[in-house]
There are 2 protein chains.
Amino acid sequence: MSSQQEYILVTGGAGYIGSHTVVELVNSGQNVVIVDSLVNSSYDAVARVEFLTQTAIPFFDIDIRDSEKLSEVFKQYKIKGVVHFASLKAVGESTQIPLSYYDNNVNGTISLLNVMKENKVKSIVFSSSATVYGDVTRFGDNSMIPIPENCPSDPTNPYGRSKFMIESILKDIHSSDESNWKVAILRYFNPIGAHPSGLIGEDPLGTPNNLLPYLAQVAIGRREKLSIFGNDYASHDGTPIRDYIHVVDLAKGHIAALGYLAKNTGGLYREWNLGTGKGSTVFDVYHAFSKAVGKELPYEVVARRAGDVLDLTANPARANKELEWKAELSIEQACADLWKWTVQNPTGFKVEGYEWKKFEKVGLENRLHSFTNGPLTIALANRGALIQDLSFNGEHLVNAFDNGEDYKLPTNPYFGTNIGRVANRIANAEFQLNGKTYHLPKNENQNSLHGGSLGFDKVNWLGPIVRKKEGVFTVEFLIVEKDGTNGYPGDLKTIIKYTIDSSSVQLEYEAELINDKVDATIVNLTNHSYFNLSGEPTTDDTDVTLFYDQYMKVDDVSLLPTGDIVKFEGVTVGQPIHLDKDAFFDYCYIVDKDATQIDTRGNELKPVLQATHPRTTTKFVFSTTEPSFQFYTGDGVNTKGFTKRSGFCVEPARFVNAIHFDKWASQVILKKGEKWGGITKYSFSKK
Amino acid sequence: MSSQQEYILVTGGAGYIGSHTVVELVNSGQNVVIVDSLVNSSYDAVARVEFLTQTAIPFFDIDIRDSEKLSEVFKQYKIKGVVHFASLKAVGESTQIPLSYYDNNVNGTISLLNVMKENKVKSIVFSSSATVYGDVTRFGDNSMIPIPENCPSDPTNPYGRSKFMIESILKDIHSSDESNWKVAILRYFNPIGAHPSGLIGEDPLGTPNNLLPYLAQVAIGRREKLSIFGNDYASHDGTPIRDYIHVVDLAKGHIAALGYLAKNTGGLYREWNLGTGKGSTVFDVYHAFSKAVGKELPYEVVARRAGDVLDLTANPARANKELEWKAELSIEQACADLWKWTVQNPTGFKVEGYEWKKFEKVGLENRLHSFTNGPLTIALANRGALIQDLSFNGEHLVNAFDNGEDYKLPTNPYFGTNIGRVANRIANAEFQLNGKTYHLPKNENQNSLHGGSLGFDKVNWLGPIVRKKEGVFTVEFLIVEKDGTNGYPGDLKTIIKYTIDSSSVQLEYEAELINDKVDATIVNLTNHSYFNLSGEPTTDDTDVTLFYDQYMKVDDVSLLPTGDIVKFEGVTVGQPIHLDKDAFFDYCYIVDKDATQIDTRGNELKPVLQATHPRTTTKFVFSTTEPSFQFYTGDGVNTKGFTKRSGFCVEPARFVNAIHFDKWASQVILKKGEKWGGITKYSFSKK
């Protein structure tokens with residue numbers, strides 16, 4: 001977010017074409033800032049684009065008609081150009097509420113242009129539409145099919161007119177300042193498909209207006225059958241011909257247009273068709289999608305629809321030549337990608353039982369995501385991918401703050417958060433790897449604790465990707481910690497995947513080095529939730545049973561391991577410990593003293609601890625694939641609303657300070673090409 | 001301003017066509033509320049329309065893009081329809097700053113329509129332009145000359161495109177709600193001329209874009225000569241042909257369109273040309289105007305102007321038939337009216353040495369008007385048409401508050417204001433006239449004082465009409481006090497005309513009954529300025545010389561005249577009285593004890609009092625045509641910033657309580673058809 005860096009502003013970047021274009025922009029190396037009012041789109045699309053591109057993208061929930069707020073974005077980021085999608089876009093709706101269309105589209109663009117002009121940003125790629133051509137069959141002689149850019153405009157509905165008005169305005173602005181304004185008008189034909197990742201795609205609100213989204217809803221069972229409006233047109237199968245273009249091809253057209261503007265030294269105003277040049281009938285598309293789905297989908301032929309015409313195929317020659325861009329993906333590919341998106345997201349970005357809300361006063365980077373699965377509810381925040389709530393049968397079982405800001409309190413004892421790049425202490429805040437010494441922040445006396453001063457707990461994780469399959473949620477957050485952050489070597493990509501059913505929450509960590517900057521780094525990940533089953537301010541009277549009684553001996557002064565693993569006096573395996581003010585624990589218990597693995601996910605998920613409390617009906621079992629776990633009774637807690645013994649922690653992980661012991665070091669040294677992995681599970685049942 | 005009454009909202013009502021249309025609307029019996037941002041127009045036009053129509057017109061200094069403020073107007077007034085002029089309108093400028101044109105015109109209209117829709121106002125007359133037709137000679141065969149409404153639109157500049165876009169938007173809005181929206185599109189041809197009153201007309205900022213305003217500036221000496229762009233067109237004299245229409249005819253077209261909308265029971269969208277149907281060449285117009293001026297004006301023929309075409313004449317048949325409207329005034333009449341406007345207002349609404357500013361926090365009804373004429377400066381406010389400042393050689397000579405709000409203080413002792421309908425006391429707050437007894441508000445014990453509780457001093461006078469001729473300003477304010485106000489009979493129209501030269505200010509009152517509601521009323525007008533020549537908080541040490549020593553004896557208790565006129569002991573004619581704390585005056589001195597006239601303006605203007613002060617160089621002489629004057633040393637003053645003897649008053653008028661004395665009553669009884677008149681003059685000189 002350096003003010004030196006230049007950004008492309010994308011308006012409407014949360015929408016269907018906008019989100020796909022943002023992916024291509026980021027992948028082509030551009031910095032992007034998104035402005036979207038979210039009236040017709042979902043921030044989930046942005047979250048998924050961030051996950052997909054592994055890149056945080058500044059986002060502003062702003063209506064472009066609010067020129068004051070929009071101007072602040074231009075002040076905050078150095079914008080070099082704008083890709084302008086923000087628009088209402090339903091032809092039918094536009095005839096019902098034309099004023100909203102002119103207000104959002106035309107007035108919105110005027111506001112945007114005012115702000116651009118004010119901030120001396122004079123480069124814009126405008127999302128126009130083949131709709132501006134109107135009914136090109138009016139020329140009678142087919143002279144305008146396929147449609148060239150010089151075909152006269154005569155839009156037949158308010159949506160099309162709003163696009164045409166904007167084109168006119170842009171043309172006049174260019175004429176008024178010819179050497180400075182660079183304006184690319186991209187006239188889209190029929191965008192279809194979805195991102196091949198299955199993460200983003202078209203998510204129409206209400207009844208889909210377009211063929212393929214409708215057909216996809218038929219295929220997934222949300223609609224009964226497709227209506228085909230007339231099969232008596234003069235095409236090979238009687239249905240009308242359109243130019244369908246894969247949304248990823250379309251998105252790439254914007255990169256090409258930006259490139260064209262950038263290399264042009266003077267001003268320019270130019271229109272380009274973005275289409276394939278190949279017409280397909282409704283039946284062609286129907287068959288392609290049925291093939292992708294693997295079965296013929298129900299349809300019926302009904303009367304022609306007013307305003308429909310035989311053929312609207314693009315002549316894309318100008319874009320092919322000048323922009324050196326060409327649609328490359330087939331209708332079959334688009335159908336396959338759409339079907340993948342549909343299957344993975346049968347209800348679009350919305351998932352039943354999942355809701356999110358803002359968790360900080362400003363911005364959407366840190367949201368609170370709630371999942372309800374029968375008696376179990378969990379709330380996760382982007383910051384630290386943390387667990388803010390974990391409830392079973394209505395009993396809240398973890399310590400938490402009720403707003404994102406409080407998590408930034410210096411006294412926050414790592415409530416619910418995930419810890420990384422290296423959990424627990426590293427002696428003297430330094431380590432050696434491949435002959436090189438790395439220095440870490442000394443954030444606890446001489447040592448480095450829990451990943452350093454800007455550890456995984458203090459940043460907003462990207463995502464989540466939320467899916468629900470057979471009643472089970474999966475929720476994935478991602479973070480890329482850049483080489484050198486907190487002193488650690490290498491770009492480390494980490495994903496935490498929560499799996500949530502009606503009685504348990506599983507946490508799966510996966511981390512790997514990316515971008516080839518180093519050959520190895522060190523990693524040790526855990527979750528730092530404070531459990532409290534009592535329904536009271538303290539955990540007193542909780543019965544905790546440990547299933548392991550060996551522990552890692554630590555130096556009384558430095559609190560660092562001596563290297564010895566010995567029996568812990570006062571714990572009997574399987575025998576409950578009654579927590580009270582005299583029961584102090586902050587020790588690392590050993591599940592497997594010979595552990596060497598970097599990825600423990602192949603291990604058996606073993607119960608290591610269980611807890612109950614007389615005031616509640618909940619029994620809590622803690623399992624992990626990890627070779628050790630810290631058990632901490634929270635005696636050092638002193639923060640807003642919480643004091644000592646408000647909750648107890650169970651932190652499964654690799655051995656404390658392992659990098660400084662040859663026999664243990666392999667547990668935490670992650671080499672390029674390998675994966676760090678571990679699984680932990682919280683299970684709840686009635687006593 | 002009753003909320004029951006229905007209003008026509010006129011946007012841009014301070015502009016050229018807007019102001020003329022407001023006159024016709026008011027004259028046709030409509031209530032009007034004006035919204036105008038004043039960016040390209042002058043509130044003076046509104047003030048003059050109010051004066052001309054003798055009607056207060058609610059005005060809001062609002063940019064229609066500010067939908068929040070605009071909405072408040074709709075909440076405050078019950079709007080039944082909108083006549084929408086507000087627009088930027090210079091073709092050439094629109095090619096330079098197109099974004100401003102789209103923002104003001106298109107975005108402005110969208111905002112207006114949003115507010116209308118929100119407030120269920122769905123009737124609009126839109127000020128469009130023949131510019132939307134573009135170059136109709138493109139049809140080659142003259143099939144579109146004269147231009148009919150069904151001529152396809154193809155505007156050739158951003159101004160024209162903004163008008164065309166608005167037409168499209170209105171058309172779509174009507175289509176979306178056909179049975180409710182009533183939309184009249186009026187396409188103007190070339191409006192010319194001015195109101196025959198000479199009070200309002202076109203006042204272009206900068207270089208006029210149009211033929212006649214330019215020619216008028218040549219005629220009045222502000223421009224050297226007219227440029228005629230080409231004399232080689234295929235017309236009878238080689239210059240291009242346009243359809244010039246008198247602005248009053250054009251204005252009346254709006255009344256006709258509103259009438260058409262009103263009588264139409266369903267919704268409608270319809271375009272009408274407002275033109276004469278008769279083309280005139282540039283030379284035709286040139287000759288007509290030269291004739292009006294009385295001499296041939298300088299011109300030169302230069303090259304053709306890009307974009308000009310031979311003939312743009314309207315076919316007004318549709319408006320003639322459907323609206324039952326027809327342009328009736330000739331070009332000759334337009335030229336005569338324009339010349340009258342030009343001669344009376346050679347610099348438009350601006351007058352050198354005259355400035356105004358807001359005098360209250362909210363609204364423009366009460367402004368403060370300053371006039372500087374050499375050493376003399378006077379400031380007049382609309383409220384009471386009062387004198388807020390009177391300075392000579394930099395010495396401020398009257399008591400005043402510095403803001404309009406303070407004049408509303410209950411303790412305000414009538415500072416500087418004009419008093420009416422009847423100045424001074426009326427015994428028992430009642431009188432008889434033509435056998436009828438009228439009861440007035442008892443606002444001073446049992447009596448009525450200074451016109452009652454809502455006298456002329458407490459309302460905002462209309463105007464002013466400001467003119468300057470041979471170095472002398474005339475400033476006219478007007479008030480119409482409606483029958484029954486404060487208990488007085490009859491609609492009374494009163495004008496006060498200030499005449500300001502470099503050493504004197506003259507106040508001329510003229511009042512008459514209008515609207516035939518009664519045969520007679522009573523009137524007695526004066527000005528209540530408090531003079532103070534000392535430059536100090538009190539008038540102590542002022543030398544005042546009275547030129548009359550008879551006075552009206554009053555009852556010590558009631559302060560009402562006994563009917564006796566006797567010598568005032570302690571005053572010697574021509575002998576200065578030295579004002580000090582023992583010099584108390586509040587007496588009515590008699591200039592002409594036998595006075596009977598209702599209009600004293602034919603009398604000699606006699607000096608009745610003079611004053612000097614040792615601390616200043618100013619000599620003040622007070623003259624009047626009135627038969628008496630109250631001399632008051634201000635001993636009762638106790639208000640914000642002023643205490644007793646802060647200023648002295650000289651109030652020339654008819655005899656106090658005259659209506660109750662048969663011998664004096666004719667001084668104040670104003671009969672229908674007669675005029676009440678009186679003149680007073682304040683003269684200043686160096687001692």
Quiz item: Is there side-chain contact between A/Tyr102 and B/Leu113, with at least one heavy-atom pair below 4.5 Å?
Solution: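 No, too far: nothing below the 4.5 Å cut-off.
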
Quiz item: Just wondering, do B/Ile110 and A/Leu99 contact through their side chains at under 4.5 Å, heavy atoms?
Solution: yes

Self-check item: Option from A/Asn107, A/Asp103, A/Thr109 for which side chain to side chain donor-acceptor pair (under 3.5 Å) with B/Asn107 holds
Solution: A/Asn107

Rounded to the nearest 0.5 Å, how far apart are [atom1] of [X] and [atom2] of [Y]?
X: B/Ile169; Y: A/Ser162; atom1: CD1; atom2: OG; value: 9.0 Å
X: B/Asp177; Y: A/Gln96; atom1: CG; atom2: CD; value: 10.5 Å
X: A/Tyr101; Y: B/Ser176; atom1: OH; atom2: OG; value: 12.5 Å

Practice problem: Pick one of side chain, backbone, both or neither for B/Lys117, based on which atoms fall under 4.5 Å of a heavy atom in chain A. | Solution: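 Contact with chain A involves the side chain of B/Lys117 alone.
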
Quiz prompt | Partner chain A: residue of B/Leu170, B/Thr95, B/Asn114 with the largest heavy-atom pair count (under 4.5 Å) | solution = B/Asn114

Quiz item: Around atom NZ of B/Lys80, are there more than 12 heavy atoms of other residues, nucleotides or ligands at under 6.0 Å?
Solution: yes

Quiz item: Got a sec: does the NZ of A/Lys361 have more than 12 other heavy atoms crowding it under 6.0 Å?
Solution: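 Not buried by this count: 12 neighbours or fewer within 6.0 Å.
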
